Amino acid sequence: MKKYNCFVFAVILVILTSVVCFAKPAADVEGLLKDRQSICWVEGTVMGDMVLGARGTVQFIYLDEALSRAIVENNQLAPWVDDLNQYFGSERTNKKELFLIQVETYKPWNVDISKFIIGNYHPTIDDVLSPSVTRPLGNLESGLKLQMAVVVPQSEVKPGKTVKLGYDKDTVEWKAPK
């Protein structure tokens, strides 16, 4: 009986050790996102912790393999991020970097694709992967949140380098993750 108990204990110990050693930790989506997103206020005046008179905001999310996998494994982000994650690894992203862009309007705004800035690059309509229904382009009324997936040349996003992100004259600096 003692041999049987020792055998069962050994089997249970091996199983538990295997589970602990080979289990993948839950994806830290929020941690990855922290290093991969930036928000630019458009036409706003910064006064301390407040921004006054802004036409809206542009949120940029750099979607690399690490964040894409984390979204699939443990989606804790807004549904639009999960939806636009479908473009990662697609043929049109080959040898390019993918950004998800959300525009939120506070005032009416005529949004022009050529005024977005990622590094030194101004995307064109051909760089937009998402359908026209969800694109934050053209004459937009206040109170909207629209999103799109955009590709840019790899030369615009180098690991560890500072990248300019923004719209027209309003830009922020973001450091690409290593």
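FYI, side chains are in, hydrogens and waters are out, and symmetry mates aren't considered; it's all heavy atoms of this structure. From a predicted model like this one, the values you see are computed outputs, not experimental measurements.
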- Message: Tell me the closest heavy-atom pair linking Glu43 and Asp170, and the distance in Å.
- Response: N-OD2, 2.9 Å
- Message: Using modelled atom types and a 3.5 Å cut-off, is there a donor and acceptor pairing between side-chain atoms of Thr105 and backbone atoms of Gly143?
- Response: yes
- Query: Does Val128 belong to the same Ile/Leu/Val/Met/Phe/Trp/Tyr cluster as Phe116, with side-chain heavy atoms less than 4.5 Å apart forming each link?
  - Reply: yes
- Does the Tyr167 side chain pair with the main chain of Asp112, one donor and one acceptor, at a distance under 3.5 Å? yes
- Item | Step-by-step side chain to side chain contact (heavy atoms under 4.5 Å, CB included) determination, Val163 to Lys158 | CA-CA 8 Å; Val163 178; Lys158 297 289 184 192; over 6 Å; no
- Can you check whether Leu137 reaches Ile125 side chain to side chain, under 4.5 Å on heavy atoms? yes
- Enclosure of Gln154 CD (heavy-atom neighbours >12, cutoff 6.0 Å): yes
- Side chain to side chain, Leu77 and Asp82, heavy atoms closer than 4.5 Å: no
- Minimum heavy-atom distance between Asp64 and Phe88, given as atom pair plus value: C-CE1, 3.5 Å
- Task: Measure the acute angle between the ring planes of Phe99 and Tyr62, then classify it against the limits of 30° and 60° as parallel, tilted or perpendicular.
- Result: tilted
- Task: Would you indicate whether the side-chain heavy atoms of Leu84 and Gln147 approach each other to under 4.5 Å?
- Result: yes
- Query: Do the non-hydrogen side-chain atoms of Ile113 and Arg135 ever get within less than 4.5 Å of each other?
  - Reply: no
- Message: Donor-acceptor pair, distance only, cut-off 3.5 Å: does the side chain of Ser38 make one with the backbone of Phe60?
- Response: no
- Minimal non-hydrogen separation, Val172 against Ile39, with atom names: CG1-O, 3.7 Å
- Is the backbone N or O of Pro108 less than 3.5 Å from a side-chain atom of Arg55, with the two atoms forming a donor-acceptor pair by type? yes
- Message: Is any side-chain heavy atom of Ile61 closer than 4.5 Å to one of Leu33?
- Response: yes
- Check for a donor-acceptor pair, side chain of Lys107 on one end and backbone N or O of Gly53 on the other, with a separation under 3.5 Å. yes
- Between Thr171 and Asp168 the two heavy atoms that sit nearest each other are CG2-O, 4.3 Å
- Task: Starting at CG of Leu146, measure out to CD1 of Ile101 and round the result to the nearest 0.5 Å.
- Result: 12.5 Å
- Message: Could you see if Leu98 belongs to whatever hydrophobic cluster contains Trp80? Use Ile, Leu, Val, Met, Phe, Trp, Tyr and a side-chain cutoff under 4.5 Å.
- Response: yes
- Query: What are the two closest heavy atoms between Ser130 and Ala149, and how far apart are they?
  - Reply: OG-N, 3.0 Å
- Query: Shortest non-hydrogen contact from Pro136 to Val111?
  - Reply: O-CG1, 3.0 Å
- Item | Hphob cluster co-occupancy, Val103 + Met148, side-chain heavy atoms under 4.5 angstrom | yes
- Query: Is the backbone of Ile117 close enough, under 3.5 Å, to the side chain of His122 for a donor and an acceptor to pair up by distance?
  - Reply: no
- Query: Do Ile71 and Ser68 touch side chain to side chain, with heavy atoms closer than 4.5 Å?
  - Reply: no
- Item | Stepwise salt bridge (charged side-chain N to carboxylate O under 4.0 Å, His left out) test for Arg69 and Glu65 | CA-CA 6 Å; Arg69 285 184 186 209; Glu65 185 174 2; 2.6 Å; yes
- Message: I'd like to check Glu97 versus Tyr121 (side-chain heavy atoms, cut-off strictly below 4.5 Å). Are they in contact?
- Response: no
- Task: Taking Glu73 for its side chain and Ala70 for its backbone only, find out whether a donor-acceptor pair lies under 3.5 Å.
- Result: no
- Query: Do Val42 and Leu165 belong to the same hydrophobic cluster, where Ile, Leu, Val, Met, Phe, Trp and Tyr are linked whenever their side-chain heavy atoms lie under 4.5 Å apart, directly or via other members?
  - Reply: yes
- Query: Do Thr124 and Asp126 have side-chain atoms, one donor and one acceptor, less than 3.5 Å apart?
  - Reply: no
